[in-house]
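This is a predicted model, so every value here is computed, not measured. Chain letters run A, B, ... following the sequence lines, proteins first, then strands; residues in each count from 1.
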Amino acid sequence: MLDLKLIREKPEWVKARLSTRGQDFPVEEILSLDQQRRELLQKVESLRHLRKEKSEQIGSLKKQGKDEEANFLAQEVKKLGEELKTLEAELSQVENNLQEKLLYLPNIPHETVPVGKDDSGNVVVKRWGEPPEIGFEPKPHWEIGENLGILDFERAGKITGSRFVVYFNEGALLERALINFMLDLHVKKHGYKEVLPPFIVNETSLIGTAQLPKFKEDLFKLEGWNYYLIPTAEVPVTNLHRDEILREEDLPLYYTAYTPCFRSEAGSHGRDTRGIVRQHQFNKVELVKFVVPETSYDELENLLLDAEEVLQLLGLHYRVVALCTGDLGFASAKTYDIEVWAPGQKRYVEISSCSNFEDFQARRANLRYRPKDGGKPRFVHTLNGSGLAIGRTVMAILENYQQEDGSVLIPEVLRPYMGGLEKITPKKA
RNA sequence: GGAGGAGUGGCCGAGAGGUCGAAGGCGCUCGCCUGCUAAGCGAGUGUACGGGCUAAAACCCGUACCGCGGGUUCGAAUCCCGCCUCCUCCGCCA
């Protein structure tokens with residue numbers, strides 16, 4: 001959520017910055033609602049003041065035994081109360097309306113974000129490694145996985161439906177190994193605190209991180225409950241400190257969490273229909289930071305490095321893309337995507353997305369900290385990034401480490417997590 | 001699922017229709033004292049919103065906030081109703 005005061009003070013600037021996202025937002029409407037709100041508020045408050053004074057008078061009159069006078073005044077105040085009630089109803093309607101409009105307003109892109117209208121405006125800022133040299137026509141991972149007997153799309157379709165997969169044997173083991181490898185790296189080397197949160201959250205949490213109210217159709221909701229399956233660990237983890245006042249001395253806070261993620265993928269019909277790239281359920285290790293505003297952009301760079309290191313250790317070629325204003329997520333002020341090379345599909349596939357939300361989520365979730373000097377509480381800045389998406393990492397390993405005989409080498413760092421296994425080989429049927 | 005109990009400031013904890021933003025304590029800030037530290041002494045210390053003043057603050061005024069939402073009343077932290085959360089006991093269960 002944006003700061004209403006900022007909108008009030010620099011409406012033209014806010015409008016201009018938001019418009020770089022490629023659409024117009026109802027800034028004027030918000031301003032006018034704000035104006036109405038303040039006018040009503042002043043009326044309501046002065047009426048309340050009057051009522052308070054008179055009620056106190058009634059109290060003291062009664063103490064003096066002047067009941068008749070008291071009753072007369074009470075009649076008067078009663079009318080006042082009725083008038084107040086109408087005005088209050090009006091006020092709360094305006095406030096709800098204003099609040100709703102604010103919840104639908106996206107974050108302002110940071111000044112360093114390239115301006116562009118869609119993903120064609122994104123800028124490659126970094127490359128690491130090289131695509132592997134494969135002396136034969138590389139296969140896409142779904143073929144490799146099915147040939148190895150470790151991925152089964154048909155049976156997943158039977159038990160659930162499309163966009164689900166069953167992992168068997170070394171496939172399941174690989175998934176589990178990756179989770180442990182990534183968590184260990186982030187906990188032991190990068191200093192994150194491990195957390196295993198609920199995979200189901202309430203509406204308030206989703207409003208806090210801004211999946212709601214605007215993106216309801218992307219979520220799975222539990223029937224008969226006001227609960228949702230999490231689309232990312234960002235939701236439960238960022239909401240850990242909702243409505244809290246942290247101490248500056250305790251910042252920054254770094255969390256890492258493994259969770260499955262559930263996404264309806266509404267609006268993605270026909271995209272990535274084959275393979276494990278786009279599933280309704282996938283595993284992910286997430287990184288979340290709570291930091292003081294002054295450091296959040298440095299923290300973003302470091303978050304990105306922490307995620308990149310996973311790919312470096314796995315020996316997977318990737319590039320880093322700075323998202324442009326038109327491609328930026330709703331809540332984000334700045335985002336880097338990490339895209340891993342997928343030789344079987346001859347394209348780069350997003351495997352991590354690292355964002356600084358500044359105080360956008362903090363404002364929604366009321367995430368604050370008390371400065372060291374004891375001053376007023378301020379909003380923290382929140383950041384998060386995938387470190388990494390597990391399914392897509394499996395995809396990348398299968399495609400990058402495939403051998404001509406159909407087997408797949410296991411990256412060395414993972415072998416200790418897989419009982420020393422060096423290679424996945426096709427089972428002789 | 002059944003029966004009870006509880007939710008008050010950064011934290012702990014009193015208050016049980018009127019002058020209560022709320023005693024007291026802890027913590028914190030400033031000052032005093034003191035070889036240093038600790039202790040001690042004194043003062044201060046909630047948040048949000050709106051208004052005034054201002055370059056902006058500080059400051060001043062007002063309103064709201066005692067888990068959340070309604071209601072009763074001239075007036076609600078206090079009474080009533082609904083919900084949420086936590087605790088205890090019983091039952092069930094991975």
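Within the structure, a side-chain polar atom (N or O) of Arg38(A) is placed less than 4.0 Å from OP1 or OP2 of G51(B). Taking side-chain N and O atoms only, Lys52(A) has a distance below 4.0 Å to OP1 or OP2 of A64(B). For the OP1/OP2 pair of A48(B) and a distance below 4.0 Å, the side-chain nitrogens and oxygens of Lys376(A) include at least one atom meeting the criterion. At the phosphate of G50(B), OP1 or OP2 sits under 4.0 Å from a side-chain N or O atom of Arg8(A).
With P as the reference atom, U19(B) and U78(B) are 13 Å apart, rounded to whole Å. Comparing U63(B) with G13(B), their C1' atoms sit 28 Å apart, to the nearest whole Å. Of the C1' atoms belonging to G46(B) and G70(B), the separation is 27 Å, rounded to the nearest Å. Comparing A16(B) with G21(B), their P atoms sit 15 Å apart, to the nearest whole Å. Between the P atoms of C26(B) and A43(B), the separation comes to 14 Å (whole Å). The gap from the C1' atom of G17(B) to that of A76(B) amounts to 6 Å, rounded to the nearest Å. A gap of 23 Å separates the C1' atoms of A64(B) and A23(B), to the nearest Å. Between the C1' atoms of G25(B) and G9(B), the separation comes to 13 Å (whole Å).
The separation between Glu244(A) atom CD and U85(B) atom C1' is 15 Å, rounded to whole Å. For Leu40(A) and G51(B), the CG to C1' distance is 15 Å, given to the nearest whole Å. Computed from coordinates, the Ile245(A) CD1 to G9(B) P distance equals 11 Å when rounded to whole Å. In this structure, Leu50(A) atom CG and G62(B) atom P are separated by 13 Å, rounded to whole Å. Atoms NZ (Lys372(A)) and P (U29(B)) sit 13 Å apart, rounded to a whole Å. For the pair Leu84(A) CG and A76(B) P, the computed distance is 11 Å after rounding to whole Å. The distance between atom CZ of Arg48(A) and atom P of G50(B), rounded to the nearest whole Å, is 14 Å. Rounded to an integer number of Å, the gap from Glu248(A) CD to C28(B) P is 16 Å.
The nucleotide whose nearest atom lies closest to any side-chain atom of Leu41(A) is, among C74(B), C49(B), G51(B), C49(B). Closest to the side chain of Ser55(A), from the set U85(B), C74(B), A64(B), is C74(B). For Gln42(A), taking side-chain heavy atoms from C-beta onward, the closest of the listed nucleotides C49(B), U85(B), G51(B) is G51(B). Each of A64(B), G50(B), G10(B) was ranked by its minimum atom distance to the side chain of Arg37(A); first place goes to G50(B). Side-chain atoms of Pro377(A) lie closest to U47(B) of the nucleotides U47(B), C49(B), C74(B). Taking every side-chain heavy atom of Ile58(A) into account, G18(B) is the closest of G18(B), C49(B), A48(B). For Glu45(A), the listed nucleotide lying nearest its side chain is C49(B); candidates were C49(B), C74(B), A64(B). Each of G71(B), A48(B), G75(B) was ranked by its minimum atom distance to the side chain of Arg368(A); first place goes to A48(B).
Across all strands shown, the partner of C30(B) is G42(B), judged by Watson-Crick or G-U wobble contacts whose two distances both fall under 3.5 Å. Checking U37(B) for Watson-Crick or G-U wobble geometry (two distances, each under 3.5 Å) identifies no partner in any strand. Across every strand in view, G24(B) sits in a pair with C12(B) that passes the Watson-Crick or G-U test at under 3.5 angstrom. Figure legend. U19(B) is base-paired to no nucleotide; pairs are counted as Watson-Crick or G-U wobble with both atom distances under 3.5 Å. The base-pairing partner of C89(B), taking Watson-Crick or G-U wobble contacts with both distances under 3.5 Å, is G2(B). Base pairing analysis places A58(B) opposite nothing; no Watson-Crick or G-U wobble pair with both distances below 3.5 Å involves it. When both pairing distances are held under 3.5 Å, U73(B) makes no Watson-Crick or G-U pair with any nucleotide shown. The pairing partner recorded for A64(B) is U47(B), the criterion being a Watson-Crick or G-U wobble arrangement whose two distances lie under 3.5 angstrom.
The number of heavy atoms from other shown groups lying within 6.0 Å of CD (Glu294(A)) is above 12. Within 6.0 Å of CZ in Arg155(A) there are 12 or fewer heavy atoms belonging to other residues, nucleotides or ligands.
Across all strands, Arg363(A) comes closer than 4.0 Å to no nucleic acid atom at all (heavy-atom distances). Looking at heavy-atom distances under 4.0 Å, Lys62(A) makes contact with a base. At the heavy-atom level, Lys79(A) lies nowhere under 4.0 Å from the strands shown. Using a 4.0 Å heavy-atom criterion, one finds that Arg247(A) contacts no nucleic acid atom at all. Among the protein residues, Lys78(A) comes within range of the sugar-phosphate backbone only, with heavy atoms under 4.0 Å from sugar or phosphate atoms but none that close to a base.
There is a side-chain donor-acceptor pair under 3.5 Å between Glu175(A) and Asn283(A). For the residue pair Asn180(A)/Tyr258(A), the side-chain donor-acceptor check at 3.5 Å is not satisfied. Counted by atom type alone, Tyr297(A) and Glu358(A) present one or more donor-acceptor pairs between their side chains at under 3.5 Å.
When each of Glu56(A) and Val44(A) is assigned the nucleotide of RNA chain B with its nearest heavy atom, Glu56(A) is the one assigned upstream, toward the 5' end. Comparing Ser60(A) and His49(A) against RNA chain B, the residue whose closest nucleotide sits nearer the 5' end is Ser60(A).
Annotation: Phe330(A) is in aromatic contact with Phe215(A) [ring centroid separation under 6.0 Å].
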Trace of the ring-ring contact (aromatic ring centres under 6.0 Å, His included) decision for His280(A) with Phe164(A)
CA-CA 6 Å; His280(A) 287 308; Phe164(A) 286 88; 5.4 Å; yes
Evaluate the criterion side chain to side chain donor-acceptor pair (under 3.5 Å) for residue pair Gln35(A) and Glu39(A); output intermediate values, then yes/no.
CA-CA 6 Å; Gln35(A) 185 66 33; Glu39(A) 283 166 15; 3.1 Å; yes
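Judged by a 6.0 Å distance limit and a 45° cone about the ring axis, Lys193(A) is not positioned over the six-membered ring of Tyr255(A).
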